[in-house]
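Bear in mind that the values here come from a model prediction, so they are computed numbers and not experimental data.
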Amino acid sequence: MAKKSKSEEECQIMIQKSFRTPMVRFLRERLEKAGCAVGDNFFKAITCNQEVAGSYVRGEGVKLCSNYVRIQDDVNQVIIRELIHAFDDCRAANLDWSDCAHHACTEIRTNHLSGDCHYKRELLRGHEQTCQWCGDVAQFVIWV
């Protein structure tokens, strides 16, 4: 559990605040234009057993793990990342989440498009090399 994690209620309020950020607004508009509108009920704060900040699940929407987010930026980043996954799921006719290459491809897109691999975020995480995790996934794709 993250230090200073949030309750589900606090996280739900933070989710609502994220809807006002330019990137989240942009992604929601693009999903709607693509025929895959996501309403406010598409997002839900939950308490998670796994050490993850959130996830997108086809047919269920975006779940944010209130016990693994600390600040508004954490919530914004999770929402952005998961909206990119939702967009990929909406637009890719043959996306198979159980296929490792498909999953890795959407993870790479998400990491690069969300800004999660920005060198400043990596430095804040204590990584010396820019986007170590993204590089690991890219190598995984090459080896699959």
Practice task
Could you note down all residue pairs passing ring-ring contact (aromatic ring centres under 6.0 Å, His included) where residues 23-51 supplies at least one of them, sequence neighbours left out?
Solution key: Phe19-Phe43
Exercise for the section: Flag the pair Asp40 / Arg28 as yes when at least one side-chain heavy-atom distance between them is below 4.5 Å, and no otherwise. Expected result: yes
Fill in the blank from the handout: Distance col, row Asp89:CG vs Arg58:CZ, nearest 0.5 angstrom, shows 4.0 Å
Problem - Contact summary for Ala86 and Tyr56, nearest pair of heavy atoms - result: CB-CE1, 3.7 Å
Problem - Under 3.5 Å: donor-acceptor pair, side chain of Glu82, backbone of Lys63 - result: no
Handout entry: Cys36 SG to Arg30 CZ distance, which is reported to the nearest 0.5 Å
Key = 13.5 Å
Problem - Same apolar cluster (I L V M F W Y, side chains within < 4.5 Å links), Ile46/Ile79 - result: no
Practice task
Enter the distance from His85:NE2 to Cys90:SG here, rounded to the nearest 0.5 Å.
Solution key: 14.5 Å
Practice task
Indicate yes or no for a side-chain donor-acceptor contact from Asn67 to the backbone of Cys48 under 3.5 Å, with no hydrogens or angles considered.
Solution key: yes
Exercise for the section: Taking the side chain as every heavy atom from C-beta outward, state whether Asp74 and Ile71 have any pair of such atoms under 4.5 Å apart. Expected result: yes
Practice task
Verify the distance criterion only: is there a donor paired with an acceptor across the side chains of Ser66 and Glu10 at less than 3.5 Å?
Solution key: no
Completion exercise
The reported gap from CG in Leu64 to OG1 in Thr47 (rounded to nearest 0.5 angstrom) is 11.5 Å
Fill in the blank from the handout: One should read off an interatomic distance between Gln77 CD and Ser18 OG, to the nearest 0.5 angstrom, of 11.0 Å
Handout entry: Non-hydrogen atoms of Arg70 and Met14 that approach each other most closely
Key = O-CE, 4.3 Å
Practice task
Applying side chain to side chain donor-acceptor pair (under 3.5 Å), name anything that partners Gln16, two or more places apart in sequence or on another chain.
Solution key: none
Problem - Hydrophobic cluster identity match, Phe87 and Met23, side-chain contacts under 4.5 Å - result: yes
Exercise for the section: Can you measure from NZ (Lys17) to SG (Cys11) and round to the nearest 0.5 angstrom? Expected result: 11.5 Å
